[in-house]
Amino acid sequence: MGQPDQVNAGAQLSAMLRQWWQSEVPVRKQGSVVTQLKARGIETTQPTLSRYLDPATPQIARQEVVRALHTIFARPPEELPAALALWERATSEREADNRLRTTPRTGSAPSAGTTAAAPAAGEERAAGPGPRGMRYALVAAAVLLAAAGTLWLTTPWKSTHTLDDKVSATAQPPGAAASQAPGKLGVCKDEACIGLEPNYTVCRTDAITASVDADTEILVELRYSPTCRAAWAKIKGTNPGDVAQIRDLDGRTRKRTQISGSDTHTTMLPASRPQDVTACAVLATRTVCATIPTNART
């Protein structure tokens with residue numbers, strides 16, 4: 001699967017499943033979800049489900065679990081193909097990673113039927129068995145480490161793998177499935193962005209605040225990415241139990257219930273322009289929406 005800080009399809013799938021789980025009000029206990037899965041003939045445990053729902057250390061959910069969770073949480077029909085596409089990519093990435101781990105390195109051992117050349121007179125095998133060979137290997141390793149340390153200290157260092165690495169949005173045609181190279185932000189556009197976590201995609205890199213609310217206590221932002229042609233709702237100054245919501249002109253909705261802290265945001269909806277969607281905060285006593293256009297601030 002890769003390291004927890006590596007952006008990949010497995011993390012995107014976990015983020016989508018977690019959003020399904022958190023979209024309910026109130027959020028049901030994971031033990032209850034496990035019971036419903038078992039009622040459908042799917043054996044799992046609460047710790048395993050927890051890993052399915054954790055983008056930080058994702059474990060790829062089985063396909064039958066993805067389908068069952070889509071039904072249990074009563075998600076819109078169009079979200080199931082998006083989730084299954086992520087599942088396909090995540091399993092393909094895992095299989096490719098496993099192949100790399102198990103492929104033997106060329107030249108790592110002599111071929112069958114051959115005999116290693118004997119050392120010249122007076123020579124010893126540096127990697128041969130015995131205390132003396134081990135000492136030579138340790139000394140050689142220490143010399144290499146010292147040389148590498150000197151090179152690192154004398155060479156200007158520049159990060160080539162950061163969370164803000166950008167992937168060209170033109171690499172995929174409109175409507176193509178979201179994709180990414182290992183360690184990069186995912187790429188999506190239009191319908192391919194529905195239900196995806198913006199922080200795992202290039203959509204976050206050019207996002208603007210297209211509109212805000214007029215409330216004096218909380219802040220509601222409509223976040224919009226021109227590159228992805230997708231939008232999401234972001235709320236601040238809110239309380240656990242409050243809900244971030246975005247809705248388009250066709251009535252499609254993305255919601256996320258705030259679990260802790262004072263802010264949260266939804267996953268994305270496709271939008272040709274910011275005016276095609278509305279971002280709101282659904283509070284215990286009122287609903288506040290972002291209706292005031294901004295000067296497209298980042």
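The model shown is predicted, which means the values in this text are computed figures rather than measured ones.
Within the 4.5 Å cutoff, the side chain of Cys193 has heavy atoms near those of the Cys228 side chain. Thr267 places none of its side-chain heavy atoms less than 4.5 Å from the side chain of Trp232. Contact annotation: the side chain of Gln63 never approaches that of Thr91 to less than 4.5 Å [non-hydrogen atoms, C-beta and beyond]. Side chains of Val27 and Ile259 form a contact here, defined as non-hydrogen atoms less than 4.5 Å apart. Looking at Phe73 and Val33, their side chains come closer than 4.5 Å, going by heavy atoms from C-beta outward. Within the 4.5 Å cutoff, the side chain of Leu80 has no heavy atoms near those of the Arg75 side chain. The shortest side-chain heavy-atom distance between Leu53 and Gln30 falls under the 4.5 Å cut-off. A 4.5 Å side-chain heavy-atom check between Arg62 and Ile42 finds at least one atom pair inside the cut-off.
Side-chain atoms of Arg256 and Thr264 include no donor-acceptor pair closer than 3.5 Å. Checked by atom type, the side-chain pair Gln22/Thr257 shows no donor-acceptor distance below 3.5 Å. Side-chain atoms of Glu221 and Thr209 form a donor-acceptor pair, as typed in the model, at a separation below 3.5 Å.
With hydrophobic clusters built from ILVMFWY side chains whose heavy atoms lie under 4.5 angstrom apart, Val277 does not share a cluster with Val212. Criterion: ILVMFWY side-chain heavy atoms under 4.5 Å apart, direct or through other members. Under it, Ile194 and Leu86 are not part of a common hydrophobic cluster. The hydrophobic clustering, which links ILVMFWY residues whose side-chain heavy atoms are closer than 4.5 Å, places Val243 and Val288 apart. Linking ILVMFWY residues whenever their side-chain heavy atoms come closer than 4.5 Å, directly or via other members, places Trp87 and Ile72 in the same cluster. Under the 4.5 Å side-chain heavy-atom criterion for grouping Ile, Leu, Val, Met, Phe, Trp and Tyr, Ile246 is not connected to Leu196 through any hydrophobic cluster.
The closest donor-acceptor contact from the side chain of Ser92 to the backbone of Glu88 lies under 3.5 Å. For the pair Gln258 (side chain) and Gly261 (backbone), a donor-acceptor distance under 3.5 Å is present. Judged by distance alone, the side chain of His70 and the main-chain N or O of Pro76 form a donor-acceptor pair under 3.5 Å. The main-chain N or O of Ala214 is never found under 3.5 Å from a side-chain atom of Thr216 such that the two would form a donor-acceptor pair. A distance-only check finds a donor-acceptor pair linking the side chain of Asn8 to the backbone of Gly10 [under 3.5 Å]. Checked by atom type and distance alone, the side chain of Thr287 never pairs as donor or acceptor with a backbone atom of Leu283 at under 3.5 Å.
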Problem - Audit row: Asp54, Ser14, side-chain hydrogen bond (donor to acceptor under 3.5 Å, both in side chains) steps and yes/no - result: CA-CA 6 Å; Asp54 186 359; Ser14 291; over 6 Å; no

Practice task
Tell me, with the steps shown, if Leu269 and Arg252 meet side chain to side chain contact (heavy atoms under 4.5 Å, CB included).
Solution key: CA-CA 8 Å; Leu269 274 179; Arg252 294 187 296 181; 4.2 Å; yes

Exercise for the section: Under the side chain to side chain contact (heavy atoms under 4.5 Å, CB included) rule, what do Asp213 and Ile292 come out as? Steps first, then yes or no, please. Expected result: CA-CA 6 Å; Asp213 65 299; Ile292 304 174; over 6 Å; no

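Taking all atoms of both residues into account, the shortest heavy-atom contact from Ala231 to Tyr224 is CB-CD1, 3.9 Å. What you find for Ala90 and Ile60 is that their closest heavy atoms are O-CD1, 3.4 Å. The two residues Met16 and Ala82 make their nearest non-hydrogen contact at CE-CB, 4.1 Å. Across Gln245 and Thr266, no two heavy atoms sit closer than the pair N-CG2, 3.7 Å. Annotation for Ser211 and Ala290: closest pair OG-O, 3.3 Å, computed over non-hydrogen atoms. Ala15 and Tyr200 make their closest contact through CB-CE1, 3.7 Å (heavy atoms, listed as atom of the first residue, atom of the second, distance).
Partners of Asp263 according to the salt bridge (charged side-chain N to carboxylate O under 4.0 Å, His left out) rule, which considers only residues two or more places apart in sequence or in another chain, do not exist here. Applying the salt bridge (charged side-chain N to carboxylate O under 4.0 Å, His left out) criterion to Arg28, with sequence neighbours excluded, gives Glu24.
Between Glu93 and Arg99 there is no salt bridge, since no side-chain N of the basic residue sits under 4.0 Å from a carboxylate O of the acidic one. Between Arg286 and Glu217 there is a salt bridge, since at least one side-chain N of the basic residue sits less than 4.0 Å from a carboxylate O of the acidic one. Ion pairing between a basic and an acidic side chain is recognised when a charged N comes within 4.0 Å of a carboxylate O; Glu64 and Arg40 show no such pairing. Between Asp276 and Arg273 there is a salt bridge, with a side-chain nitrogen of the basic residue lying less than 4.0 Å from a carboxylate oxygen of the acidic one.
With values rounded to the nearest 0.5 angstrom, Leu49 atom CG is found 6.0 Å from Thr44 atom OG1. A distance of 8.5 Å separates CG in Asp242 from OG1 in Thr285, rounded to the nearest 0.5 Å. Between Ile235 atom CD1 and Cys280 atom SG the span is 10.5 Å, to the nearest 0.5 Å. Once rounded to the nearest 0.5 Å, the distance linking CD of Gln275 with CG of Leu249 reads 10.0 Å. The CE atom of Met268 lies 11.0 Å from the CG atom of Asp190; values are rounded to the nearest 0.5 Å. Here CZ of Arg89 is found 12.5 Å from CG of Leu84. Values are rounded to the nearest 0.5 Å.
Here the options are Leu69, Thr45, Thr48, the test is side-chain contact (heavy atoms from CB on, under 4.5 Å), and the partner is Leu37; only Leu69 passes. Of the residues Gln19, His265, Arg204, the one that meets the side-chain hydrogen bond (donor to acceptor under 3.5 Å, both in side chains) test with Glu197 is His265.
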